[in-house]
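Heavy atoms only: backbone and side chains are in, while hydrogens, waters and symmetry mates are out.
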Number of protein chains: 2
Amino acid sequence: MKVGVFDSGVGGLTVLRAIKEKFPNLDLYYLGDTARVPYGSKSPETVVRYSLDCAEFLSERSVDVLVVACNTASSYALDVLRNTLPIPVVGVVEPGVKKALSVTKGKVGVIGTSATIRSGAYQRKLRDAGVEVLSRACPLFVPLVEEGLVEGDIAERVVKLYLEEFREGKVDTLILGCTHYPLLKDTIQKFLGNVNVVDSSDAVAEELSLLVEDEGSGKVELFFTDMSQNLNRLIELILGRKLEPEIVSEWVHRA
Amino acid sequence: MKVGVFDSGVGGLTVLRAIKEKFPNLDLYYLGDTARVPYGSKSPETVVRYSLDCAEFLSERSVDVLVVACNTASSYALDVLRNTLPIPVVGVVEPGVKKALSVTKGKVGVIGTSATIRSGAYQRKLRDAGVEVLSRACPLFVPLVEEGLVEGDIAERVVKLYLEEFREGKVDTLILGCTHYPLLKDTIQKFLGNVNVVDSSDAVAEELSLLVEDEGSGKVELFFTDMSQNLNRLIELILGRKLEPEIVSEWVHRA
């Protein structure tokens, strides 16, 4: 079976990795929209339009399931994608919420990009389940990760800037509502102490169990809409191996 | 006369402001490509393609001169734009270099986005003029500015991270090679002490003296390709007054 995964950039590779670990035989196609990254600071209309473009590209590869490995796109475009495509569409928000609800004692925090937090997608689902919610946008986390500053002095101060209000029993569980944030997990965990820090990549792979059989040739193809500076380094950092990406810059223009 | 100004986002408004101050009667058209911002982390090919799109949009407004108020676009796309358009094209690199050369005693530093620094555009022009050059990309400065962190603890530490090597007589002049950086000027000046800190917005307005007469209706029209979150706040912060931008999101798609 074929599964398509898209993200605004490289962050969604953390989700791809979790899927690959659980389903080594699936054929996986990944599209990172690096020519238009980030989505998290853009308007809902633009995020929906870009998401439809990405879905169209992966549909042309005849995928059986589409995974939206981007929190911003999952927050704004999931309904449109489900109404447009004839295949199952899995986002990252619902699996993350489900995982948080399975461990919380009643107070859940959620952090993400400005667009994800503004959408209220996480907050609504959590409140519907009857838990208390505290949320905050952390716009500097993605640039910090892309600059490789995932620990040390500056990372600790930026974590303190955004997460001070989550300490001292304000939450017992924190959802990392952005696929870049798992790379800051150690620094966040150290600052928050005894709080469950939840990332949704494993939860997404879990969700796929209901939709796919682990059969196929096991190939992984990576597509990006721009050759960004650190692309190969980040692919190796996240996937743990070298994989040559194909750059499909013409496609953004055609879309 | 009509002057068109474009940038990847809002940073170029610092250049627009300098032009407006010097030529209050010109008709000014500004395009910020907020749907695809930032350019600074993208490939040369993508930056050239986006720049041609922006130039085409402003050409349709029959501008007499085009100002490329983005260092990344000025570094990569200026030659292509000059070869493509039948009107004069002014970038920000040459005026900034000229201004730095007029004050330096021989050692010039230049900072900018990854793409601007990688292009070597500033370094080549400075070395050709016979001065020593030290350069560095500062990828966190733009997100810091957009997060409003232009002074205080975190801003000071990030400035130290990038500019430590420019201290103690290593340079006597520093070019701010990105239109966002003037907003960090005080913190940078405080850290570097007795160094000339040069931004190119005034120098660009100076350059225009050779090309335009200050005549027209004095109107200013702002266009953006996406309604980003802080757009109106940033417009007011930089221009010092409220101006309603027109969002031309369809245009990016058509381009």
For residues 237-248 of chain A, which side-chain donor-acceptor pairs fall under 3.5 Å, sequence neighbours excluded?
{"unit_1": "A:K242", "atom_1": "NZ", "unit_2": "A:E236", "atom_2": "OE1", "d": "3.3"}

Region of B:V142 in contact with chain A, defined by heavy-atom distances below 4.5 Å: neither

Given 3.5 Å as the limit, does a donor-acceptor pair link the side chain of B:D226 with the main chain of A:S43, or not? yes

Say whether, by atom type as modelled, one donor and one acceptor occur between the side chain of A:K42 and the main chain of B:V37 under 3.5 angstrom. yes

Which pairs would a plain distance check flag for residues 157-165 of chain A, meaning a side-chain donor or acceptor within less than 3.5 Å of a matching protein atom at least two apart in sequence or in another chain?
{"unit_1": "A:R157", "atom_1": "NH1", "unit_2": "B:D153", "atom_2": "OD1", "d": "3.4"}
{"unit_1": "A:R157", "atom_1": "NH1", "unit_2": "B:D153", "atom_2": "OD2", "d": "2.4"}
{"unit_1": "A:K160", "atom_1": "NZ", "unit_2": "A:E164", "atom_2": "OE1", "d": "3.2"}
{"unit_1": "A:Y162", "atom_1": "OH", "unit_2": "A:L140", "atom_2": "N", "d": "3.1"}
{"unit_1": "A:Y162", "atom_1": "OH", "unit_2": "B:E147", "atom_2": "OE2", "d": "2.7"}
{"unit_1": "A:E165", "atom_1": "OE2", "unit_2": "A:R136", "atom_2": "NH1", "d": "2.8"}

